[in-house]
J.: 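So that we are looking at the same thing, I have put the structure below in structure tokens.
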Amino acid sequence: MARDYNPENIELKWQAIWEDSGIYHCEIDPDKPKKYVLEMFPYPSGSPHMGHVRNYTIGDVIARAARMRGYNVLHPMGWDAFGLPAENAAIKQNSHPAVWTYQNIEVQEKSFKRMGFSYDWRRKIVTCDPEYYRWGQWLFLKMHERGLVERKKSPVNWCPECATVLANEQVEGDGVCWRCASRVEKRNLAQWYFKITDYAQELLDDLDQLELWPERVKTMQANWIGRSTGANITFSICDEQGESTDQAITVYTTRPDTLFGCSFFLLAPEHPLVEEFTAGTPYEADCRAVIEASARETAVERESGIAEKQGAFTGRFVVNPINGAKVPVWIANYVLMDYGTGAVMAVPSGDDRDFEFARHYGLDIPPVVVAEDDPLLSTLRDESDLVQKNVDWDTGYTGPGVLVQSGPFTGMKGGKDSEACRAIVEALATEGKGEATVNFRLRDWLISRQRYWGNPIPMIHCDVCGLIPVPEEQLPVILPLDLDISKGATLDSDPSFYEVDCPACGAQAKRETDTMDTFTCSSWYFLRFADARNDEQAFSKKSADYWMPVDNYTGGIEHAILHLLYSRFFTKVMRDMDMLNFDEPFKQLLTQGMVKLDGEKMNKSKGNIVSPDEVVPRYGADTVRGYIMFMAPPDKDLDWSPDGVEGMHRFLGRVWRLVGEYVDTCVLAGSASATNSDEEAIVRQSLRDTQDASLTDAEQTLRRLTHKLTKKATDDIDRQQFNTAIAALMELTNALYDFKKQDNWTDSVYTAEGIDALLKMLAPIAPHITEELWRDLHGEQVESIHVQDWPSYNPDYVVADTIELPVQVNGKIRGRVEVAADAADEVVAEAAKIAVSDHIDDEEIKKLIVVPGRIVTIVI
RNA sequence: GCCGGAGUGGCGGAACGGCAGACGCGGUGGAUUCAAAAUCCAUUGAGGGCAACCUCGUGAGGGUUCAAAUCCCUCCUCCGGCACCA
């Protein structure tokens with residue numbers, strides 16, 4: 001009687017053996033095709049959850065399958081270890097972030113090993129380790145050299161809870177902190193930036209190269225970058241009489257075609273000219289009220305969605321450069337200082353916001369672009385002068401149309417990027433008052449953080465020399481570990497850290513005490529994995545040339561913008577530094593879905609957590625891996641179901657018993673079990689040489705299913721449809737059980753072939769049980785199943801000799817014909833006619849279509 | 001508002017424009033058992049018929065096609081992202 005399936009025993013046994021033998025280690029091998037399989041490395045937040053299990057199982061299956069398909073596979077693991085949670089937890093527990101971090105890493109590492117993930121652990125990275133973060137500092141200096149680092153004072157996002165500034169990407173839609181969900185405030189502070197906007201166009205363009213990225217991630221990035229085409233138009237400031245002064249303001253617009261409809265002009269409340277215009281005038285008080293209201297509003301009103309349009313007249317005027325009209329200058333709360341130029345030409349008839357503002361303050365709404373079907377068009381079609389100052393519309397009209405009341409441009413087609421846009425910009429350009437331009441929504445990346453647990457920014461403030469980079473040979477700037485941070489102290493409270501001599505002039509200077517955003521650490525870690533133990537460089541060119549780019553990258557959709565945009569930016573910068581010879585770091589991206597419970601996100605505070613620590617000891621890692629891969633396609637959310645876990649456990653049990661019984665029978669018969677794979681291959685080959693006619697029907701069927709399902713599972717794993725790949729393996733198991741009803745089923749070489757294919761294809765998903773059964777089958781001395789070749793299939797064996805085709809009459813299935821698989825279409829057609837003769841009667845056949853191997857359809 | 005994605009049995013989910021519901025869960029019946037668990041075998045979209053079979057079925061409504069879950073148009077619902085970006 002076969003042994004019981006005891007997952008815990010065999011899993012721990014094989015995990016130890018794999019670790020000792022180092023079978024998952026990899027080295028550069030120019031003779032072998034490489035595959036770099038990577039999952040987004042975890043934050044060491046505590047014990048792992050099902051999301052981790054899913055993420056890393058997906059990657060592991062890809063890596064293992066690739067290894068068996070003959071690739072030299074790099075599959076590494078590390079930790080993104082700097083950041084606020086460590087610091088907050090340490091403050092709470094009166095510990096140190098380093099202690100908390102390394103403890104958690106130990107727990108997670110152990111847990112990942114218990115899952116049987118096939119990492120090359122020699123390449124482990126921990127980003128808070130000086131051996132790693134020194135290279136982050138080095139990259140900062142290199143970017144500084146290239147002019148990509150900037151320190152500037154501007155309104156920034158401040159999270160009061162985290163007591164630090166945040167990047168735009170880290171403020172979520174409703175104005176809250178991505179980490180703690182507190183409401184973010186605006187503060188005017190001097191901060192460090194990476195000039196990601198220098199790469200805005202390329203970051204947008206190269207999305208086209210990413211054929212194997214999900215469409216939605218690319219769309220999200222494109223929206224975030226937010227390219228818009230339009231023109232800069234310059235309005236000169238004029239006096240009360242309309243006489244131009246030598247001062248001017250430039251606006252950005254996407255609709256230069258509507259310029260004749262500009263009936264007022266807007267400045268952002270924070271615009272520097274507002275003070276100059278209004279100081280000491282009767283308009284000062286009103287403007288100040290709007291400025292103050294809008295400063296309060298940004299925090300509060302955004303929450304409610306729509307803020308009421310507010311504004312005030314500044315008492316000043318500008319001249320419309322296209323027609324010399326005198327236009328009043330207002331301030332308005334909906335004009336943003338940090339987009340475009342902070343000033344807007346308002347065209348209420350062509351913009352809903354301007355329309356609303358104009359209605360509210362009783363300003364003119366002259367129509368300039370009118371829809372083809374608007375009755376207004378017939379009355380105004382030929383009007384080049386302003387005859388109608390107002391419309392009776394409910395909103396502005398933003399669609400395409402015809403220009404009216406627009407001087408020489410009247411009658412032209414208007415709208416976004418229209419001929420009128422080009423003509424008007426051209427006319428303005430001749431007078432130096434306009435030029436076509438492009439604007440991006442993307443802002444520079446604010447990377448400084450006023451927190452302790454991060455990579456120190458390697459810069460020094462010298463009163464004499466200004467900002468001086470730390471000389472390269474002095475790297476790394478070590479983050480001191482002896483700080484008592486229990487009260488939330490930062491580097492700013494540690495004189496032994498910040499008191500330094502200026503590297504340039506030797507005067508007493510102050511080291512920068514801000515640290516870098518953790519996202520800087522994760523923006524290049526995939527490159528370090530290629531050469532993790534290099535202590536002379538961030539990574540060698542050779543290792544990057546061989547291993548990069550990452551072939552398969554798996555991680556959560558929450559990084560659709562953040563990490564994935566930053567990493568693309570770093571890659572392009574390093575390419576321009578001649579460190580890399582490619583444009584994009586991640587060839588293929590798989591965004592895995594969440595693991596939920598009863599449709600809800602698992603959450604510590606809700607207490608609805610299913611932990612791998614409780615499920616794995618009970619069912620084994622193989623069952624958990626298999627379940628997670630089977631229950632949904634990898635990119636979809638998955639609802640945890642205890643019954644589903646049982647089902648996967650049952651399936652593995654079926655495989656266990658099938659192979660166990662096979663081995664037992666063979667041992668009794670003194671055959672098969674002793675064969676190693678070479679001998680078996682020879683046996684199988686010789687059998688293939690014999691005539692098919694010697695096969696029984698059952699053998700024919702088993703062979704056909706084995707080859708068909710091998711093809712199916714192989715294809716499905718290739719396209720990462722692991723759920724259907726597992727379904728195919730279940731079918732193969734069922735086919736073997738079916739064949740088991742035959743007498744002497746163990747004698748047939750097709751049983752051996754089926755079991756061989758089943759175990760090998762199941763190996764990436766359930767690595768332990770398959771390894772154990774593989775050794776049962778072939779003996780302890782045989783090489784691991786995980787270094788075996790992936791099974792192949794013979795297309796000739798996939799098709800049966802005869803096939804049954806459905807026959808349709810007028811679109812409905814009315815019968816079936818059994819024909820030879822290679823029968824000519826004419827033969828099939830005749831057979832089909834006979835099969836459905838009842839339904840044809842004497843009707844004339846109008847059309848007869850044979851879709852080979854699929855269907856016959858007859859139209860009468 | 002704009003941009004994406006998705007709506008298929010009791011449930012999770014399958015289906016290069018070609019037999020809708022693979023595979024699994026759950027259910028039902030049987031074998032085994034003193035009994036149960038486990039296991040094995042069979043069955044399982046809905047409705048009708050003794051039956052071979054028939055009818056209806058992929059969010060709703062139209063269309064293209066010999067043939068539509070799949071392609072096109074209109075609409076509804078849900079999920080996600082962005083949002084006063086001029």
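Chain naming here is simple, since letters A, B, ... match the order of the sequence lines and numbering starts at 1 in each. Side-chain atoms are counted along with the backbone in the values below, which use heavy atoms only and exclude waters and symmetry mates. From a predicted model like this one, the values you see are computed outputs, not experimental measurements.
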J.: Tell me: CZ of F265(A) to C1' of A86(B), nearest whole Å?
T.: 11 Å
J.: Quote, to the nearest angstrom, the P distance that separates C53(B) from G63(B).
T.: 32 Å
J.: For A69(B) versus G57(B), give the span between their C1' atoms, rounded off to a whole number of Å.
T.: 11 Å
J.: Taking the six-membered ring for Trp, are W445(A) and Y566(A) closer than 6.0 Å centroid to centroid?
T.: yes
J.: Distance to the ring centre below 6.0 angstrom and angle to the axis at most 45 degrees; does that hold for R657(A) and Y5(A)?
T.: no
J.: What is the pairing partner of A31(B), taking Watson-Crick or G-U wobble pairs with both distances under 3.5 Å in any strand?
T.: U39(B)
J.: Would you check if the side chain of N320(A) reaches a backbone N or O of L259(A) as a donor-acceptor pair within less than 3.5 Å?
T.: yes
J.: I'd like the P distance from C79(B) over to A31(B), given in whole Å.
T.: 49 Å
J.: When the distance from CG of N810(A) to P of U65(B) is rounded to whole Å, what number comes out?
T.: 15 Å
J.: Measure CG/L638(A) against P/C11(B) and give the value in whole Å, please.
T.: 17 Å
J.: Using the C1' atom as the point on both nucleotides, what is the distance between U77(B) and U58(B), in whole Å?
T.: 16 Å
J.: Nearest nucleotide by nearest heavy atom, which residue falls closer to the 5' end of RNA chain B, Q808(A) or D716(A)?
T.: D716(A)
J.: Under 4.0 angstrom, heavy atoms only, what part of the nucleic acid is T857(A) near: base, sugar-phosphate, or nothing?
T.: base
J.: Does Y662(A) offer a backbone N or O that forms a donor-acceptor pair with the side chain of T746(A) under 3.5 Å?
T.: no
J.: How would you label the contact of I813(A) with the nucleic acid (heavy atoms, under 4.0 Å): base, sugar-phosphate, or nothing?
T.: sugar-phosphate
J.: NA contact type, D354(A), heavy-atom cut-off 4.0 Å: base, sugar-phosphate, or nothing?
T.: nothing
J.: If the C1' atom of U32(B) is compared with that of A38(B), how far apart are they to the nearest Å?
T.: 11 Å
J.: May I ask which nucleotide in the shown strands pairs with G45(B), Watson-Crick or G-U wobble, both distances under 3.5 Å?
T.: C56(B)
J.: Could you check which nucleotide pairs with C71(B) in any of the strands shown, counting Watson-Crick or G-U wobble with both distances under 3.5 Å?
T.: G63(B)
J.: R216(A) side chain N/O closer than 4.0 Å to the phosphate oxygens (OP1, OP2) of C79(B)?
T.: no
J.: With a 4.0 Å cut-off on heavy atoms, is P214(A) in touch with a base, just the backbone sugar-phosphate, or nothing at all?
T.: nothing
J.: Using atom C1' in both nucleotides, what's the gap between C25(B) and G48(B) to the nearest angstrom?
T.: 29 Å
J.: Please say whether the positively charged group of K309(A), taken as NZ for Lys or CZ for Arg, lies over the ring of Y334(A), i.e. under 6.0 angstrom from the six-membered ring centre and within 45 degrees of the axis.
T.: yes
J.: Could you check how far CD of E646(A) sits from P of G27(B), rounded to whole Å?
T.: 12 Å
J.: Which whole number of Å gives the distance between the P atom of A35(B) and that of G30(B)?
T.: 14 Å
J.: For C25(B), give its Watson-Crick or G-U wobble partner with both distances under 3.5 Å, or none.
T.: G10(B)
J.: Does the distance from a Lys or Arg side-chain N to an Asp or Glu carboxylate O, for D637(A) and K596(A), drop under 4.0 Å?
T.: yes
J.: Checking R255(A) against D351(A) for the salt bridge (Lys or Arg N to Asp or Glu O under 4.0 Å) test, could you report, in this order, the C-alpha distance in whole Å, the side-chain angles of both residues, the deciding distance, and whether it holds?
T.: CA-CA 9 Å; R255(A) 293 294 304 278; D351(A) 182 280; over 6 Å; no
J.: Establish, with yes or no, whether the OP1 or OP2 oxygen of A14(B) is under 4.0 angstrom from a side-chain nitrogen or oxygen of N723(A).
T.: yes
J.: Can you tell me the distance, in whole Å, between the CG atom of N223(A) and the P atom of G4(B)?
T.: 8 Å
J.: Would you classify G647(A) as touching base, sugar-phosphate or nothing, given that sugar-phosphate means primed atoms plus P, OP1 and OP2, and contacts are heavy atoms under 4.0 Å?
T.: sugar-phosphate
J.: Take T724(A) and V335(A), find for each the nucleotide of RNA chain B with the closest heavy atom, and name the residue whose nucleotide sits nearer the 5' end.
T.: T724(A)
J.: Would you mind pulling out the nucleotide paired to G80(B), Watson-Crick or G-U wobble, both distances under 3.5 Å?
T.: C3(B)
J.: Roughly how far apart, to the nearest Å, are C78(B) and U8(B) at atom P?
T.: 14 Å
J.: Can you give one letter per nucleotide of nucleotides 37-45 of chain B, going 5' to 3': B for a protein heavy atom under 4.0 Å from the base, S for sugar-phosphate only, - for none?
T.: --SSSS---
J.: Would you check if the side chain of N723(A) reaches a backbone N or O of M631(A) as a donor-acceptor pair within less than 3.5 Å?
T.: no
J.: Within the 4.0 Å heavy-atom criterion, would you say R814(A) contacts the bases, only the backbone, or no part of the nucleic acid?
T.: sugar-phosphate
J.: Can you check the E215(A) CD to A6(B) P distance for me, whole Å?
T.: 11 Å
J.: Quick one: which of V850(A), V828(A), V856(A) gives a side chain to side chain contact (heavy atoms under 4.5 Å, CB included) with V819(A)?
T.: V828(A)
J.: Answer with yes or no after comparing the ring centroid distance for W393(A) and F355(A) against a 6.0 Å cut-off, counting only values under it.
T.: no
J.: K812(A) near the nucleic acid: base, sugar-phosphate alone, or nothing, with a heavy-atom cut-off under 4.0 Å?
T.: sugar-phosphate
J.: Tell me if the side-chain of R854(A) makes a donor-acceptor pair with the base of C19(B), cut-off 3.5 Å, by modelled atom types.
T.: no
J.: Look at the side chain of V344(A) and decide which nucleotide, out of A86(B), C19(B), C66(B), has an atom nearest to it.
T.: A86(B)
